[in-house]
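The structure appears below as structure tokens.
Both ligands and their constituent atoms are indexed starting at 1 by order of listing.
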Amino acid sequence: MSKPSILVIGAGIFGLWQAYALARAGYSVRLIEEGSDPFARSSSRWAGAMIAPECEAEGAPLSVRDLGREGLRIWRETYPGLMSNGTLVVAHARDAGDLARFAKMTEGHAAVGGARIGELEPSIAGRFERGLFFESEAHMDARKAMTWLLDELRSLGADVAFDTHWDGAAHDIAIDCRGIGARQDLATLRGVRGERVLIQTNDVSLSRPVRLLHPRQPIYVVPQGDNRFVVGATVIEREDAGPMSLRSALDLLGSAYALHPAFGEAAVLDMGAGVRPAFPDNVPRIIVEEAGAIIRVNGAYRHGFLLAPVMAQALAAYVSDGRREGPLFDAV
Ligand SMILES: Cc1cc2nc3c(=O)[nH]c(=O)nc-3n(C[C@H](O)[C@H](O)[C@H](O)COP(=O)(O)OP(=O)(O)OC[C@H]3O[C@@H](n4cnc5c(N)ncnc54)[C@H](O)[C@@H]3O)c2cc1C
């Protein structure tokens, strides 16, 4: 029997990984995206793209950590651009309680003192006395990773069409990865706003994401190459992808300045917000509808990059032999 032809809708990180995994498995794949500029309409383009299953366990269900460990393994064996330098979590002395709590909620870290922090990140030497080093974690430049997946997809012979809107039309199998664009068809899906600033400076150099804990305004700073850094943090229960508020900009940039005053001279290259699609428990799902003809892959929340390869692997197994393994297929 010939393999079914597959339509993937949405060129965010979920759609790209679904299409890539299925094209690699020998299916005929067409990927469509309604935006004309690749990724411009996706929430994925805003991501810090940390592949941090251990750190995420601080606030996410343990299933996310366990699936995320597998996600990290797949990224590592697939994507040559992955930067595997770990994550450093630090706090000012007055916030030692936040650091202790973070350590209790997570695994896979080593407690580090000021000297080791200075060895790991010379730019912030002397600024923090205590931290946690999560050696196994990784990160990437979101846009570069998405471009790489797109190029791979094309070289595997997939048909990719931008500026192409899906109106629900049937296909052998349609895999709906529209993110928040699928809200009309997924009653429990909600949008969670996340804001981030992209800055550039020659005066600070980091090799890995640094998370600065703070009771009110924790942030992460993710190095992206070319002296660029993504600064982000916000999780706002609002479905609004509009421009960043002045308060958020002050908070994010103020916290970056607290991490290192040299960020005060950085150029602000870009700032904005994306809407993360999320189910009530903030765990993504694969939802098979209409006798398998429409499959919805959604609910990435803060973990789209972390979990995209695992979602793709699970769906490829389902498409090939009907296996529905693990929590990803549970009812929402
Ligand atoms: C500030 C911020 C930081 C983040 N940091 C991280 C991180 O460090 N690590 C991590 O793992 N995750 C992170 N995330 C989360 C991650 O970015 C999201 O979970 C993920 O991007 C969601 O991907 P998606 O593919 O489901 O949706 P999207 O990226 O939104 O893609 C959906 C696509 O579908 C298209 N579409 C919609 N409707 C249609 C239609 N009818 N026809 C055709 N196309 C359509 C849209 O145009 C869009 O391009 C972050 C998110 C934000 C906002």
Any Lys/Arg nitrogen of Arg143 or Asp141 sitting under 4.0 Å from an Asp/Glu carboxylate oxygen of the other?
no

State yes or no: are the ring centers of Phe263 and Phe229 separated by less than 6.0 Å?
yes

Side chain or backbone of Ile13 under 4.0 Å from ligand 1, or both, or neither, by non-hydrogen atoms?
both

Heavy-atom nearest neighbour of atom 15 (C) of ligand 1 within options Trp46, Tyr301, Phe305, Trp166:
Tyr301

Return the closest protein heavy atom for atom 10 (C) of ligand 1 as residue, atom name and distance.
Arg302 O, 3.1 Å

Based purely on interatomic distance, does Asn298 place a nitrogen or oxygen under 3.5 Å from a nitrogen or oxygen of ligand 1?
no

Per atom 32 (C) of ligand 1, closest listed option by heavy atom (Ala273, Pro209, Cys177, Ala52):
Cys177

Heavy-atom distances under 4.0 Å are what count here, so tell me which part of His139 touches ligand 1: side chain, backbone, both or neither.
neither

Pull out every atom of ligand 1 sitting under 4.0 Å from any heavy atom of Gly179, numbered as shown with elements.
26 (O), 27 (O), 32 (C)

With a 4.5 Å cut-off on side-chain heavy atoms, are Ile117 and Val90 touching?
yes

Check this for me - ligand 1, Arg276, N or O atoms closer than 3.5 angstrom, yes or no?
no

For the residue pair Phe39 and Phe162, categorise the inter-ring angle as parallel (less than 30°), tilted (30 to 60°) or perpendicular (more than 60°).
perpendicular

Check Glu33 with Arg41, please: is the shortest side-chain N to carboxylate O separation under 4.0 Å?
no

Ala49 contact mode with ligand 1 (heavy-atom cut-off under 4.0 Å)
backbone

Identify the closest protein heavy atom to atom 28 (P) of ligand 1: which residue and atom is it, and at what distance?
Ser43 N, 3.5 Å

Ligand 1 atoms in contact with Ala47 (distance to a heavy atom under 4.0 Å):
3 (C), 4 (C), 5 (N), 6 (C), 13 (C), 14 (N), 17 (O), 50 (C)

Determine whether His139 and Pro223 make a side-chain contact, defined as any pair of heavy atoms from C-beta on separated by less than 4.5 Å.
yes

With heavy atoms of Tyr220 as the reference, note each atom of ligand 1 found under 4.0 Å away.
3 (C)

For ligand 1 and Pro277, I'd like to know whether there is a polar contact (N/O to N/O, distance under 3.5 Å).
no

Return the residue, atom name and 0.1 Å-rounded distance of the protein heavy atom closest to atom 25 (O) of ligand 1.
Phe14 N, 3.1 Å

Just to confirm my output: which protein heavy-atom neighbour is closest to atom 34 (O) of ligand 1, and how far is it?
Gly10 CA, 3.3 Å

Quick one: sort the Phe134 and Phe102 rings into parallel, tilted or perpendicular, breaks at 30° and 60°.
perpendicular

Does an N or O anywhere in Glu34 fall below 3.5 Å from an N or O of ligand 1?
yes

Arg65 and salt bridge (charged side-chain N to carboxylate O under 4.0 Å, His left out): which single residue from Glu56, Glu58, Glu107 fits?
Glu107

Strictly below 4.0 Å, N to O, side chains only: are Glu152 and Arg24 in salt-bridge contact?
no

Under a 4.0 angstrom heavy-atom cut-off, which atoms of ligand 1 come close to His165?
40 (C), 41 (N), 42 (N)

I'd like to know if the side chain of Arg130 and the backbone of Leu99 have a donor-acceptor N/O pair within less than 3.5 Å.
no

Within the structure, does Gly304 bring an N/O atom to less than 3.5 angstrom of an N/O atom in ligand 1?
yes

Candidate with minimal heavy-atom separation from atom 21 (O) of ligand 1, of Ala161, Ser44, Gly15
Ser44

Can you list the atoms of ligand 1 that are under 4.0 Å from a heavy atom of Ile9?
42 (N), 43 (C), 44 (N)

Name the closest protein heavy atom to atom 31 (O) of ligand 1, giving the residue it belongs to and the distance to 0.1 Å.
Gly12 CA, 3.3 Å

Polar proximity ligand 1 side, Met50 side, N/O cut 3.5 Å exclusive
yes

State yes or no: are the ring centers of His109 and Phe133 separated by less than 6.0 Å?
no

If you measure from the Lys or Arg side-chain nitrogens to the Asp or Glu carboxylate oxygens, is any gap between Asp281 and Arg285 under 4.0 Å?
yes

Can you find a heavy atom in the side chain of Ile6 that is under 4.5 Å from one in the side chain of Arg30?
no

Backbone, side chain, both or neither: what part of Thr164 comes under 4.0 angstrom of ligand 1, heavy atoms only?
backbone

Do Gln224 and Met140 have side-chain heavy atoms sitting under 4.5 Å apart?
no

Do me a favour and list the nearest non-hydrogen protein atom to atom 33 (C) of ligand 1 with residue, atom name and distance?
Glu33 OE1, 3.6 Å

Charged N to carboxylate O under 4.0 angstrom, Arg296 versus Glu289?
yes

Can you sort out which atoms of ligand 1 are near Gly194, meaning under 4.0 Å from one of its heavy atoms?
1 (C), 53 (C)

Just by distance, no angles: are the side chains of Asn282 and Arg190 close enough, under 3.5 Å, to form a donor-acceptor pair?
yes

Quick note on ligand 1: atoms under 4.0 Å from a heavy atom of Gly48 include exactly 3 (C), 4 (C), 5 (N), 6 (C), 8 (O)

Going by the order shown, which atoms of ligand 1 are within less than 4.0 Å of some heavy atom of Leu306?
11 (O)

